[in-house]
**Q** 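Dropping the structure in here first, questions after.
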There are 2 protein chains.
Amino acid sequence: MTDPRRARLYEELSRESRRHLAAYVLFNQAVADHLGLHPTDVQCLSLLTAEPGPFTVRQIADMTGLTTGSATRLVDRLERGGYVMRAPDQEDRRRVLVSPVPARIARVTAVWDDLGQAWEELLGEHTDDELEVITRHMRRAHDLSHAQMERLRSRPKPD
Amino acid sequence: MTDPRRARLYEELSRESRRHLAAYVLFNQAVADHLGLHPTDVQCLSLLTAEPGPFTVRQIADMTGLTTGSATRLVDRLERGGYVMRAPDQEDRRRVLVSPVPARIARVTAVWDDLGQAWEELLGEHTDDELEVITRHMRRAHDLSHAQMERLRSRPKPD
DNA sequence: CCCCAATCGCTGCGCGGCGCAGCAATCCCG
DNA sequence: CGGGATTGCTGCGCCGCGCAGCGATTGGGG
(Lines give C-alpha, C1' and ligand atoms only; values in the text may rest on other atoms or scores of the structure.)
Protein backbone atom coordinates (compact mmCIF):
# COMPACT_ATOMS: atom_id res chain seq x y z
CA MET A 1 0.00 0.00 0.00
CA THR A 2 2.44 2.60 1.17
CA ASP A 3 5.50 1.74 -0.80
CA PRO A 4 8.16 4.05 0.63
CA ARG A 5 9.59 4.68 -2.79
CA ARG A 6 6.22 5.70 -4.14
CA ALA A 7 5.58 7.82 -1.09
CA ARG A 8 8.82 9.62 -1.70
CA LEU A 9 7.84 10.23 -5.31
CA TYR A 10 4.52 11.66 -4.23
CA GLU A 11 6.18 13.86 -1.66
CA GLU A 12 8.66 15.18 -4.13
CA LEU A 13 6.04 15.84 -6.77
CA SER A 14 3.95 17.68 -4.23
CA ARG A 15 6.86 19.85 -3.24
CA GLU A 16 7.81 20.63 -6.80
CA SER A 17 4.22 21.37 -7.68
CA ARG A 18 3.99 23.96 -4.95
CA ARG A 19 7.23 25.57 -5.96
CA HIS A 20 6.18 25.48 -9.58
CA LEU A 21 2.86 27.11 -8.84
CA ALA A 22 4.46 29.70 -6.58
CA ALA A 23 6.93 30.52 -9.30
CA TYR A 24 4.11 30.92 -11.76
CA VAL A 25 2.33 33.37 -9.49
CA LEU A 26 5.49 35.42 -9.12
CA PHE A 27 6.17 35.24 -12.83
CA ASN A 28 2.65 36.31 -13.64
CA GLN A 29 3.07 39.24 -11.30
CA ALA A 30 6.35 40.20 -12.95
CA VAL A 31 4.69 40.17 -16.35
CA ALA A 32 1.90 42.33 -14.99
CA ASP A 33 4.34 44.82 -13.50
CA HIS A 34 6.27 44.86 -16.74
CA LEU A 35 3.17 45.74 -18.74
CA GLY A 36 1.69 48.06 -16.15
CA LEU A 37 -1.27 45.76 -15.60
CA HIS A 38 -2.64 43.79 -12.70
CA PRO A 39 -2.03 40.08 -12.23
CA THR A 40 -5.73 39.45 -12.68
CA ASP A 41 -5.69 41.26 -16.00
CA VAL A 42 -2.79 39.21 -17.30
CA GLN A 43 -4.43 36.05 -16.07
CA CYS A 44 -7.59 37.02 -17.90
CA LEU A 45 -5.73 37.75 -21.12
CA SER A 46 -4.00 34.41 -20.81
CA LEU A 47 -7.36 32.69 -20.64
CA LEU A 48 -8.87 34.79 -23.41
CA THR A 49 -6.09 33.82 -25.78
CA ALA A 50 -5.90 30.20 -24.69
CA GLU A 51 -9.25 29.43 -26.27
CA PRO A 52 -10.82 31.02 -29.31
CA GLY A 53 -14.00 32.91 -29.63
CA PRO A 54 -15.49 35.89 -27.84
CA PHE A 55 -16.57 35.49 -24.25
CA THR A 56 -19.41 36.99 -22.33
CA VAL A 57 -18.73 38.96 -19.18
CA ARG A 58 -20.21 36.15 -17.17
CA GLN A 59 -17.89 33.60 -18.69
CA ILE A 60 -14.95 35.82 -17.80
CA ALA A 61 -16.28 36.12 -14.28
CA ASP A 62 -16.50 32.34 -13.98
CA MET A 63 -13.06 31.79 -15.46
CA THR A 64 -11.38 34.26 -13.16
CA GLY A 65 -13.50 33.57 -10.12
CA LEU A 66 -14.72 37.10 -9.59
CA THR A 67 -18.23 38.46 -9.42
CA THR A 68 -19.92 39.87 -12.49
CA GLY A 69 -19.46 43.33 -11.06
CA SER A 70 -15.73 42.94 -10.73
CA ALA A 71 -15.60 41.29 -14.13
CA THR A 72 -17.23 44.36 -15.60
CA ARG A 73 -14.53 46.51 -14.02
CA LEU A 74 -11.90 44.10 -15.30
CA VAL A 75 -13.21 44.38 -18.86
CA ASP A 76 -13.37 48.14 -18.37
CA ARG A 77 -9.65 48.23 -17.60
CA LEU A 78 -8.74 45.94 -20.48
CA GLU A 79 -10.92 47.91 -22.88
CA ARG A 80 -9.46 51.21 -21.73
CA GLY A 81 -6.01 49.72 -22.30
CA GLY A 82 -7.06 48.64 -25.77
CA TYR A 83 -6.56 44.95 -25.12
CA VAL A 84 -10.15 43.88 -25.74
CA MET A 85 -13.26 45.12 -27.50
CA ARG A 86 -16.87 45.01 -26.41
CA ALA A 87 -19.56 44.06 -28.91
CA PRO A 88 -23.27 43.49 -28.33
CA ASP A 89 -24.60 40.02 -28.94
CA GLN A 90 -27.41 40.09 -31.52
CA GLU A 91 -28.74 36.74 -30.45
CA ASP A 92 -29.14 37.74 -26.82
CA ARG A 93 -29.13 41.48 -26.37
CA ARG A 94 -28.48 41.18 -22.67
CA ARG A 95 -25.05 39.83 -23.38
CA VAL A 96 -21.85 41.62 -24.28
CA LEU A 97 -19.21 39.76 -26.26
CA VAL A 98 -15.62 40.51 -25.31
CA SER A 99 -12.96 39.88 -27.95
CA PRO A 100 -9.21 40.34 -27.65
CA VAL A 101 -7.56 42.90 -29.93
CA PRO A 102 -4.74 40.97 -31.65
CA ALA A 103 -2.56 43.99 -32.34
CA ARG A 104 -2.61 45.02 -28.71
CA ILE A 105 -2.51 41.51 -27.32
CA ALA A 106 0.70 41.08 -29.27
CA ARG A 107 2.43 43.18 -26.64
CA VAL A 108 1.60 40.55 -24.08
CA THR A 109 2.33 37.53 -26.21
CA ALA A 110 5.63 39.17 -27.15
CA VAL A 111 6.70 38.82 -23.55
CA TRP A 112 5.56 35.21 -23.51
CA ASP A 113 7.13 34.38 -26.85
CA ASP A 114 10.36 35.82 -25.62
CA LEU A 115 10.43 33.00 -23.14
CA GLY A 116 8.83 30.69 -25.63
CA GLN A 117 12.21 29.86 -27.06
CA ALA A 118 13.59 28.89 -23.70
CA TRP A 119 10.44 26.87 -23.19
CA GLU A 120 10.92 25.00 -26.42
CA GLU A 121 14.47 24.22 -25.46
CA LEU A 122 13.17 22.82 -22.22
CA LEU A 123 10.47 20.80 -23.94
CA GLY A 124 12.84 19.75 -26.67
CA GLU A 125 14.63 17.45 -24.30
CA HIS A 126 11.51 15.41 -23.79
CA THR A 127 10.30 12.63 -26.04
CA ASP A 128 6.84 12.66 -27.53
CA ASP A 129 5.66 10.13 -25.02
CA GLU A 130 6.97 12.17 -22.12
CA LEU A 131 5.23 15.28 -23.39
CA GLU A 132 1.99 13.39 -23.62
CA VAL A 133 2.44 12.11 -20.09
CA ILE A 134 2.95 15.63 -18.81
CA THR A 135 0.06 17.02 -20.80
CA ARG A 136 -2.26 14.27 -19.64
CA HIS A 137 -1.26 14.89 -16.05
CA MET A 138 -1.96 18.59 -16.44
CA ARG A 139 -5.38 17.93 -17.86
CA ARG A 140 -6.30 15.48 -15.15
CA ALA A 141 -4.93 17.74 -12.44
CA HIS A 142 -7.04 20.51 -13.88
CA ASP A 143 -10.16 18.37 -13.83
CA LEU A 144 -9.44 17.29 -10.28
CA SER A 145 -8.79 20.82 -9.07
CA HIS A 146 -11.98 21.96 -10.69
CA ALA A 147 -14.04 19.21 -9.10
CA GLN A 148 -12.48 19.75 -5.68
CA MET A 149 -13.09 23.46 -5.95
CA GLU A 150 -16.77 23.01 -6.63
CA ARG A 151 -17.00 20.51 -3.80
CA LEU A 152 -15.29 22.98 -1.53
CA ARG A 153 -17.66 25.75 -2.46
CA SER A 154 -20.72 23.72 -1.68
CA ARG A 155 -19.62 22.79 1.79
CA PRO A 156 -20.24 24.44 5.15
CA LYS A 157 -17.35 26.56 6.30
CA PRO A 158 -15.57 25.79 9.55
CA ASP A 159 -15.65 28.56 12.15
CA MET B 1 12.91 21.91 -37.47
CA THR B 2 9.23 22.51 -36.90
CA ASP B 3 7.84 19.04 -36.89
CA PRO B 4 4.07 19.58 -37.03
CA ARG B 5 3.50 16.76 -34.62
CA ARG B 6 5.89 18.28 -32.09
CA ALA B 7 4.34 21.69 -32.64
CA ARG B 8 0.94 20.24 -31.86
CA LEU B 9 2.31 18.66 -28.69
CA TYR B 10 3.77 21.98 -27.61
CA GLU B 11 0.56 23.77 -28.36
CA GLU B 12 -1.49 21.30 -26.41
CA LEU B 13 0.86 21.36 -23.44
CA SER B 14 0.77 25.13 -23.43
CA ARG B 15 -3.02 25.11 -23.41
CA GLU B 16 -3.26 22.56 -20.67
CA SER B 17 -0.68 24.39 -18.61
CA ARG B 18 -2.70 27.56 -18.73
CA ARG B 19 -5.86 25.78 -17.80
CA HIS B 20 -4.08 23.93 -15.05
CA LEU B 21 -2.64 27.11 -13.60
CA ALA B 22 -5.96 28.89 -13.87
CA ALA B 23 -7.64 26.03 -12.07
CA TYR B 24 -5.05 26.23 -9.32
CA VAL B 25 -5.69 29.92 -8.83
CA LEU B 26 -9.41 29.28 -8.54
CA PHE B 27 -8.86 26.35 -6.24
CA ASN B 28 -6.55 28.37 -4.04
CA GLN B 29 -9.19 31.05 -3.84
CA ALA B 30 -11.83 28.49 -2.92
CA VAL B 31 -9.62 27.19 -0.12
CA ALA B 32 -9.10 30.73 1.10
CA ASP B 33 -12.83 31.47 1.09
CA HIS B 34 -13.47 28.21 2.86
CA LEU B 35 -11.07 29.10 5.66
CA GLY B 36 -11.97 32.76 5.78
CA LEU B 37 -8.51 33.77 4.65
CA HIS B 38 -7.08 35.58 1.67
CA PRO B 39 -5.52 33.78 -1.29
CA THR B 40 -2.19 35.35 -0.43
CA ASP B 41 -2.40 33.98 3.09
CA VAL B 42 -3.08 30.46 1.88
CA GLN B 43 -0.31 30.74 -0.65
CA CYS B 44 2.04 31.84 2.11
CA LEU B 45 1.05 28.97 4.35
CA SER B 46 1.58 26.59 1.45
CA LEU B 47 5.11 27.87 1.08
CA LEU B 48 5.78 27.92 4.81
CA THR B 49 4.85 24.27 5.11
CA ALA B 50 6.53 23.18 1.89
CA GLU B 51 9.96 23.75 3.36
CA PRO B 52 11.05 23.41 6.95
CA GLY B 53 12.49 25.94 9.29
CA PRO B 54 11.40 29.38 10.42
CA PHE B 55 11.53 32.21 7.93
CA THR B 56 12.33 35.85 8.33
CA VAL B 57 9.81 38.44 7.25
CA ARG B 58 12.03 39.34 4.36
CA GLN B 59 12.16 35.77 3.13
CA ILE B 60 8.38 35.67 3.19
CA ALA B 61 8.30 38.91 1.26
CA ASP B 62 10.58 37.46 -1.39
CA MET B 63 8.66 34.20 -1.62
CA THR B 64 5.31 35.89 -2.04
CA GLY B 65 6.55 38.81 -4.09
CA LEU B 66 5.27 41.54 -1.82
CA THR B 67 7.13 44.35 -0.11
CA THR B 68 8.40 43.97 3.43
CA GLY B 69 5.66 46.27 4.60
CA SER B 70 2.92 44.12 3.13
CA ALA B 71 4.70 41.03 4.40
CA THR B 72 4.53 42.47 7.89
CA ARG B 73 0.78 42.91 7.50
CA LEU B 74 0.53 39.39 6.12
CA VAL B 75 2.32 37.96 9.13
CA ASP B 76 0.10 40.13 11.31
CA ARG B 77 -3.00 38.49 9.86
CA LEU B 78 -1.57 34.99 10.12
CA GLU B 79 -0.42 35.62 13.67
CA ARG B 80 -3.78 37.05 14.66
CA GLY B 81 -5.41 33.95 13.19
CA GLY B 82 -3.03 31.77 15.18
CA TYR B 83 -1.45 30.18 12.13
CA VAL B 84 2.08 31.39 12.82
CA MET B 85 4.21 32.64 15.69
CA ARG B 86 6.75 35.43 15.82
CA ALA B 87 10.01 34.92 17.64
CA PRO B 88 13.02 37.22 17.86
CA ASP B 89 16.27 35.99 16.35
CA GLN B 90 19.04 35.98 18.96
CA GLU B 91 21.76 35.94 16.36
CA ASP B 92 20.50 39.04 14.60
CA ARG B 93 18.18 41.07 16.74
CA ARG B 94 16.86 42.97 13.77
CA ARG B 95 15.24 39.84 12.44
CA VAL B 96 11.97 38.18 13.38
CA LEU B 97 11.57 34.46 12.85
CA VAL B 98 8.14 33.31 11.73
CA SER B 99 7.17 29.73 12.46
CA PRO B 100 3.96 27.91 11.57
CA VAL B 101 1.79 26.64 14.41
CA PRO B 102 1.22 22.97 13.59
CA ALA B 103 -2.03 22.64 15.52
CA ARG B 104 -3.57 25.53 13.67
CA ILE B 105 -1.97 24.75 10.33
CA ALA B 106 -3.67 21.38 10.56
CA ARG B 107 -6.93 23.10 9.66
CA VAL B 108 -5.42 24.05 6.35
CA THR B 109 -3.68 20.78 5.63
CA ALA B 110 -6.91 19.01 6.50
CA VAL B 111 -8.48 20.61 3.49
CA TRP B 112 -5.54 19.60 1.35
CA ASP B 113 -5.39 16.08 2.71
CA ASP B 114 -9.04 15.68 1.93
CA LEU B 115 -8.10 15.99 -1.69
CA GLY B 116 -4.90 14.15 -1.08
CA GLN B 117 -6.67 10.87 -1.49
CA ALA B 118 -8.07 11.85 -4.86
CA TRP B 119 -4.61 13.03 -5.75
CA GLU B 120 -3.05 9.72 -4.88
CA GLU B 121 -5.61 7.95 -7.01
CA LEU B 122 -4.65 10.22 -9.85
CA LEU B 123 -0.97 9.66 -9.32
CA GLY B 124 -1.46 6.00 -8.74
CA GLU B 125 -2.14 5.45 -12.41
CA HIS B 126 1.31 6.63 -13.29
CA THR B 127 4.45 4.53 -13.31
CA ASP B 128 7.50 5.55 -11.33
CA ASP B 129 9.21 6.73 -14.46
CA GLU B 130 6.27 8.87 -15.45
CA LEU B 131 6.15 10.47 -12.04
CA GLU B 132 9.80 11.31 -12.29
CA VAL B 133 9.28 12.81 -15.70
CA ILE B 134 6.52 15.02 -14.38
CA THR B 135 8.48 16.02 -11.31
CA ARG B 136 11.55 16.82 -13.34
CA HIS B 137 9.49 18.93 -15.68
CA MET B 138 7.99 20.82 -12.75
CA ARG B 139 11.39 21.53 -11.31
CA ARG B 140 12.82 22.73 -14.59
CA ALA B 141 9.73 24.79 -15.32
CA HIS B 142 10.13 26.36 -11.90
CA ASP B 143 13.77 27.19 -12.55
CA LEU B 144 12.91 28.64 -15.93
CA SER B 145 10.05 30.72 -14.59
CA HIS B 146 12.29 32.02 -11.86
CA ALA B 147 15.04 32.98 -14.26
CA GLN B 148 12.64 34.61 -16.69
CA MET B 149 11.02 36.53 -13.87
CA GLU B 150 14.30 37.99 -12.72
CA ARG B 151 15.21 38.82 -16.28
CA LEU B 152 11.86 40.52 -16.68
CA ARG B 153 12.32 42.59 -13.56
CA SER B 154 15.68 43.93 -14.64
CA ARG B 155 14.46 45.16 -17.98
CA PRO B 156 13.10 48.53 -19.08
CA LYS B 157 9.34 48.63 -19.23
CA PRO B 158 7.57 49.44 -22.47
CA ASP B 159 5.40 52.57 -22.37
C1' DC C 1 37.50 52.22 18.81
C1' DC C 2 34.05 54.93 16.47
C1' DC C 3 31.30 56.17 12.70
C1' DC C 4 28.56 55.36 8.76
C1' DA C 5 26.35 52.75 5.31
C1' DA C 6 23.36 48.80 4.84
C1' DT C 7 19.75 45.87 6.40
C1' DC C 8 15.69 44.51 9.03
C1' DG C 9 10.95 44.98 10.33
C1' DC C 10 7.25 48.23 11.37
C1' DT C 11 4.00 52.04 10.48
C1' DG C 12 0.94 56.26 8.22
C1' DC C 13 -0.92 57.24 3.92
C1' DG C 14 -3.44 56.90 -0.38
C1' DC C 15 -4.71 54.05 -4.26
C1' DG C 16 -7.56 50.86 -6.25
C1' DG C 17 -9.33 46.04 -6.91
C1' DC C 18 -12.92 43.50 -5.03
C1' DG C 19 -17.55 41.76 -3.05
C1' DC C 20 -22.08 43.20 -2.11
C1' DA C 21 -26.58 44.82 -3.15
C1' DG C 22 -29.57 46.84 -6.19
C1' DC C 23 -30.78 48.35 -10.87
C1' DA C 24 -32.84 48.25 -15.86
C1' DA C 25 -32.92 45.54 -19.91
C1' DT C 26 -33.75 41.32 -21.93
C1' DC C 27 -35.02 36.52 -22.50
C1' DC C 28 -37.67 32.35 -21.61
C1' DC C 29 -41.57 29.69 -20.39
C1' DG C 30 -46.20 28.76 -19.03
C1' DC D 1 -48.93 38.30 -22.21
C1' DG D 2 -47.19 38.23 -17.59
C1' DG D 3 -43.84 36.71 -13.95
C1' DG D 4 -39.43 34.79 -12.84
C1' DA D 5 -34.68 34.17 -14.23
C1' DT D 6 -30.48 35.89 -16.34
C1' DT D 7 -27.09 39.40 -17.96
C1' DG D 8 -24.24 43.27 -17.34
C1' DC D 9 -23.64 47.69 -15.00
C1' DT D 10 -23.17 50.89 -10.98
C1' DG D 11 -22.67 53.16 -5.80
C1' DC D 12 -20.71 51.88 -1.64
C1' DG D 13 -17.48 50.37 1.78
C1' DC D 14 -13.72 47.28 2.93
C1' DC D 15 -9.07 46.18 3.02
C1' DG D 16 -4.83 44.34 0.76
C1' DC D 17 -1.07 46.48 -1.23
C1' DG D 18 2.98 49.67 -2.61
C1' DC D 19 5.32 53.62 -1.16
C1' DA D 20 8.08 56.36 1.81
C1' DG D 21 9.97 57.06 6.06
C1' DC D 22 11.16 55.62 10.80
C1' DG D 23 14.14 53.59 14.76
C1' DA D 24 16.89 49.62 15.91
C1' DT D 25 20.61 46.68 14.86
C1' DT D 26 24.51 44.96 12.37
C1' DG D 27 28.90 44.79 9.96
C1' DG D 28 32.86 46.95 8.05
C1' DG D 29 36.47 50.58 7.16
C1' DG D 30 39.25 54.30 8.74
**Q** State whether A/R8 and A/E12 are salt-bridged, where the test is any N-O pair (Lys NZ or Arg NE/NH1/NH2 against Asp/Glu carboxylate O) under 4.0 Å.
**A**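 So A/R8 pairs with A/E12 through a salt bridge.
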
**Q** Would you indicate, yes or no, if D/dC9 has its OP1 or OP2 atom less than 4.0 angstrom from a side-chain nitrogen or oxygen of A/R58?
**A**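 The answer is no; no side-chain N or O of A/R58 sits under 4.0 Å from OP1 or OP2.
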
**Q** Give a yes/no on whether any side-chain N or O of A/T72 is located under 4.0 angstrom from OP1 or OP2 of D/dC9.
**A**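 Yes, within the criterion.
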
**Q** Is the distance from OP1 or OP2 of C/dC18 to the nearest side-chain N or O of A/T40 less than 4.0 Å?
**A**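 True: A/T40 side-chain N/O within range (under 4.0 Å) of C/dC18 OP1/OP2.
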
**Q** Determine: side-chain N/O of A/T56 to OP1/OP2 of D/dT7, distance under 4.0 Å, yes or no.
**A**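 The answer is no; no side-chain N or O of A/T56 sits under 4.0 Å from OP1 or OP2.
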
**Q** By nearest heavy atom, map A/L97 and A/Q29 onto DNA chain D; which one lands nearer the 5' end?
**A**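 Looking at the nearest nucleotide for each, A/L97 comes out on the 5' side.
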
**Q** Given D/dT10, C/dG9, D/dT25, which nucleotide is nearest the side-chain atoms of A/D76?
**A**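 That would be D/dT10.
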
**Q** Below 4.0 angstrom from OP1 or OP2 of C/dC18, is there any side-chain N or O of A/S70?
**A**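 Answer is no, no contact under 4.0 Å.
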
**Q** Is there a side-chain contact between A/R94 and the phosphate of D/dG8, meaning an N or O under 4.0 Å from OP1 or OP2?
**A**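 No, A/R94 has no side-chain N/O under 4.0 Å of OP1/OP2 on D/dG8.
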
**Q** Report the nucleotide, chosen from D/dC9, D/dT25, C/dT26, that has the shortest atom-to-atom distance to any side-chain atom of B/D92.
**A**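 Out of D/dC9, D/dT25, C/dT26, the nucleotide with an atom closest to B/D92's side chain is D/dT25.
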
**Q** With respect to the phosphate group of C/dT26, does any side-chain polar atom (N or O) of A/R93 fall under 4.0 Å of OP1 or OP2?
**A**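 It does, given that an N or O in the side chain of A/R93 lies less than 4.0 Å from OP1 or OP2 of C/dT26.
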
**Q** I'd like to know if the side chain of A/S145 and the backbone of A/A141 have a donor-acceptor N/O pair within less than 3.5 Å.
**A**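 Present.
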
**Q** Answer yes or no: does a side-chain N or O of B/R77 lie under 4.0 Å from OP1 or OP2 of D/dC17?
**A**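 So the side chain of B/R77 is within the cut-off, an N or O lying under 4.0 Å from OP1 or OP2 of D/dC17.
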
**Q** Using modelled atom types only, decide if a donor and an acceptor are shared between the side chain of A/R86 and the backbone of A/V96 within a distance under 3.5 Å.
**A**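 Flag not set: sc A/R86 to bb A/V96 has no pair under 3.5 Å.
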
**Q** Nearest heavy atom decides the nucleotide; on that basis, is A/A71 or B/L66 closer to the 5' end of DNA chain D?
**A**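 By nearest-heavy-atom nucleotide position, the 5'-most residue is A/A71.
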
